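Working notes, beginning with the structure itself.
Just so it is clear, the structure is predicted and the values come from calculations on it, not from any experiment. Just so you know, ligand 1 is whichever comes first in the structure, and atom 1 is the first atom listed for that ligand.
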Amino acid sequence: MSTHSPSFPVKTERHGDVLVAIIDNPPVNALGVDVRCGLVAAIDAAEADGAVAAVLIVGAGRNFIAGADIREFGKPPQLPSLPVVCARIENCGKPVVAAIHGAALGGGLEIALAAHYRLAVATAKLGLPEVQLGLLPGAGGTQRAPRLIGAKAALELMLSGRHADAKEALALGLIDRHGEGANALTEGLAYANELIAAKAPMRRTREATALADAAAARAALDAARADTTRKSRGLFSPMKIIDAVEGALTLPFEEGMALERQLFLQCLDSTQRAGLIHAFFAEREVLKAPETKAAKPRPLASAGIVGGGTMGAGIAVAMLDAGMPVTMIERDEPSLARGRQHVEKVYDGRIKKGRMTHEGKAAVMALFSGSTSYDALAQVDIVVEAVFEDMAVKKAVFAELDRVCKPGAVLATNTSYLDIDEIAASVLRPQDVVGLHFFSPANIMKLLEIVVPAKVSADVVATGFELAKKLKKVPVRAGVCDGFIGNRILAVYRQAADHMVEDGASPYQIDEAVRNFGYPMGPFQVADLAGGDIGWATRKRKAASRSPKARYVQVADRLCERGWFGQKTQRGYYLYPESARIGQPDPEVLSIIDTERLRAGVTPRSFTNEEIMRRYMAAMVNEGANVVHQRIALRPLDVDVTFLYGYGFPRHRGGPMQYADTVGLPQVLADIRAFAKEDPLFWQPSPLLVELAERGSNFASLNQSE
Ligand code: 3HC
Ligand code: NAI
């Protein structure tokens, strides 16, 4: 639409009587200070020019305006502020029209709300997603949107942060017209010219009357408050949104704006805002691995999966959902039939919930085929192996893949812990071997660790990232080590939790403390869900290599010896009578723990929930620092994204490394040194943590893109 000119990102053009202000601030037309100045200048110019009869605001590129420039938050404010820009637009003495395509989000929608007339074309997505960043709409959104579309609809948009398309926006009254054509400029000009011809007035949203039914608005507020109290555990901004909307109901416009500003600044100051914005950028930064910059992905038109168990079936579903034809290999016909059943079960579940039709299932299953012969994989672009976690079995599978797969096929393993360099070394094409570590259930969990062995070629790694994009997963690049990023760190903080159990805290108290911190579940609930047998098998395998000096808590082994593997056996750390999903504390487990304490010669002591979290987080952060120090994770933010998407870490805290920065690294280090007095072998401060703390630095300083 226009050439990029970063310092003058708002260009004006005359089209007849209409002054068109084009916002051209790549990549997404965020409302940085230059855009704000440019918009004010455009309105000034329109008012000063007698020949101009109306103003049209459009965006260049793929979006109208994505919102405030998030990178400016937390920095000294620069004038004019966004509310001032919106007021200038609304007060303009000539009609202002906003013509929207692509994103009109947050401040972008607030600009449109300040305009006198709004049109959107089919690509438009409109929303007030500030809540997802720990904020509230801070440029009049909380005051104008309820006046325009009513409290109920406005609250729903703001509290969910979701996007509405043009059709819905029209139905809500958020826009006045759904443009037929695809081009916002053309549609907007036609609309502006109609308005000029009709001598349309400056219709100001602040005077809109959708709040006239005060009782309905009050009821919507009360319902939103009750719902938010129940749902948004510990989140700060949702309640502030409701408070601000209440202002729209009870205060004159200008006072409502002042209240909104005050509440917006409170949100801006919160660590939750910092955590959520860190998460926003981190989940985009993880895509920028060196290999994705250096190489183009290989084709990904079809896939093979070896092993149709829990993971193989879940991965198959993820691929089928993305429209990829999948060929599953199992060791014999009965296992193959079971693998197919596992896949079908997922779709049957969706049919039961009304989310899929029988025809829909049939269409997806038409992409699925199975075989007991590896020859069926001869033409696939990528194979993901998900057989038993056993090096000999994996090597046998890879020998077959080496034999049958076409040159250039990507050979991936979903191993959780095994040495992928060793697997790669067992074939004649180590450059094609990569780790793709999915999380269970693989069709639901968003995280995909892309594990990079020494000899893999860059385009294979880039293909892993491309696959993640296709499957709508969040990829994190990881190096080869025992457990990669996530499971390696998990093993350490799980041990810290086990130590606390033996020292006097109950698993139930630890789970409660972890939930109060913001996790959906505590570690012992997770263990019961995943099944204790998996960890037990790993512990037995590693028993020989465990240092005899290392503290080893045996409670989990005692439970497994009794066959208490968790939910699937109806008891683990908790009791699950009649296959209940939520467990009940089990007095027998507590007495087993007592016995273990006696055996270990521990005199139990009490822990506060805060003490529990200090140890839990110190263990997590310290191992996170080791993982970065050893380049298993490229940056601290890669650890953060791993935990946000694979382990339920509360998003408003940004991830463990961001959390550590919030606490302060000297404090974390002091904690570890204090804990080390009891167990110096377990609590060894990571060299990276020591270095950063002593330099007065933080993990964020290491987060620059490679
Ligand atoms: N400010 C600064 N940078 C932004 C941005 C914003 N609001 N939105 C996106 N970006 C950046 C991204 O970080 C990314 O940068 P990178 O290329 O260096 O990694 C680049 O723009 C492209 O973003 P995406 O990869 O996300 O591009 P997509 O095309 O996939 O998505 C989008 C586009 C839907 C606009 C998506 O970027 C998005 O949802 N952005 C955030 C929208 C938002 O939350 N707006 C509200 C902001 S808060 C506000 O407005 C407060 C106000 O009420 C006062
Ligand atoms: P599973 O036991 O449910 O399934 C394994 C499947 O592989 C079985 O169906 C079995 O018949 C098949 N199989 C075994 N040998 C085979 C061979 N030679 N050829 C073809 N098929 C063969 O195991 P699960 O849980 O699916 O795990 C598979 C892999 O995924 C393991 O490496 C595991 O470590 C890893 N993983 C597991 C996760 C989990 O939560 N279960 C999470 C992430 C990775």
E110 to ligand 1: N or O pair under 3.5 Å?
yes
Out of all atoms in ligand 1, which are within 4.0 Å of some heavy atom of P129? Include the element for each.
43 (C), 44 (O), 45 (N)
Just to check, does R62 reach to within less than 4.0 Å of ligand 1 when the distance is taken from its heavy atoms?
yes
If we number the atoms of ligand 2 from 1 as shown, the ones under 4.0 Å from a heavy atom of H437 are 43 (C), 44 (C)
Any idea which atoms of ligand 1 are less than 4.0 Å away from a heavy-atom of R71?
13 (O), 15 (O), 18 (O)
Could you list which atoms of ligand 1 come closer than 4.0 Å to a heavy atom of D69?
1 (N), 2 (C)
Please identify which atoms of ligand 1 are closer than 4.0 Å to at least one heavy atom of G107.
49 (C), 50 (O), 52 (C), 53 (O)
Under 3.5 Å, N or O to N or O, is L105 touching ligand 1 that way?
no
Show the atoms of ligand 1 that are less than 4.0 angstrom away from any heavy atom in G106.
46 (C), 50 (O)
Does the ring center of F439 lie less than 6.0 Å from the ring center of Y647?
yes
Please report which non-hydrogen protein atom sits nearest to atom 36 (C) of ligand 1, along with the residue it belongs to and the distance in Å to one decimal place.
R284 NH2, 4.0 Å
Look at atom 26 (O) of ligand 2 and say whether a protein heavy atom is found at less than 4.0 angstrom from it.
yes
Within reach of ligand 2, part of L418 (heavy-atom separation under 4.0 Å):
neither
Identify which of G531, G646, S416 has a heavy atom lying nearest to atom 34 (O) of ligand 2.
S416
Under a 4.0 Å heavy-atom limit, does F439 contact ligand 2 with its side chain, its backbone, both, or neither?
neither
Looking only at distances, can you tell me whether any N or O atom of G138, backbone or side chain, sits closer than 3.5 Å to an N or O atom of ligand 1?
yes
Ligand-side contact atoms (ligand 1) for residue partner K288, heavy atom cut-off under 4.0 Å
16 (P), 18 (O), 19 (O)
Check whether any side-chain N or O of E330 sits under 3.5 Å from a backbone N or O of S371 as a donor-acceptor pair, and report yes or no.
no
If we only consider heavy atoms of N63, is any one of them less than 4.0 Å away from an atom in ligand 1?
no
Would you say P27 touches ligand 1, if touching means a heavy atom closer than 4.0 Å?
yes
Proximity flag K394 to ligand 2, non-hydrogen atoms under 4.0 Å
yes
Kindly list each side-chain donor-acceptor pair under 3.5 angstrom involving residues 519-536, sequence neighbours excluded, with atom names and distances?
unit_1 : atom_1 : unit_2 : atom_2 : d
Q525   : OE1    : R515   : NH1    : 2.9
Q525   : OE1    : G522   : N      : 2.8
D528   : OD1    : Y573   : N      : 3.0
D528   : OD2    : Y573   : N      : 3.1
D528   : OD2    : Y574   : N      : 3.0
D528   : OD2    : Y576   : OH     : 2.7
D533   : OD1    : K568   : NZ     : 3.0
D533   : OD2    : K568   : NZ     : 3.0

Checking E333 now: which residues fulfil salt bridge (charged side-chain N to carboxylate O under 4.0 Å, His left out) with it, not counting sequence neighbours?
none
Return yes when atom NZ of K542 has more than 12 non-hydrogen atoms of other residues, nucleotides or ligands closer than 6.0 Å, and no otherwise.
yes
Does G339 come within less than 4.0 angstrom of ligand 2, counting non-hydrogen atoms of the residue?
no
Just need the protein heavy atom nearest to atom 42 (C) of ligand 1, so name the residue and atom and give the distance.
A66 O, 3.2 Å
Output yes when the distance from some N or O of ligand 2 to some N or O of T415 is under 3.5 Å, and no in every other case.
no
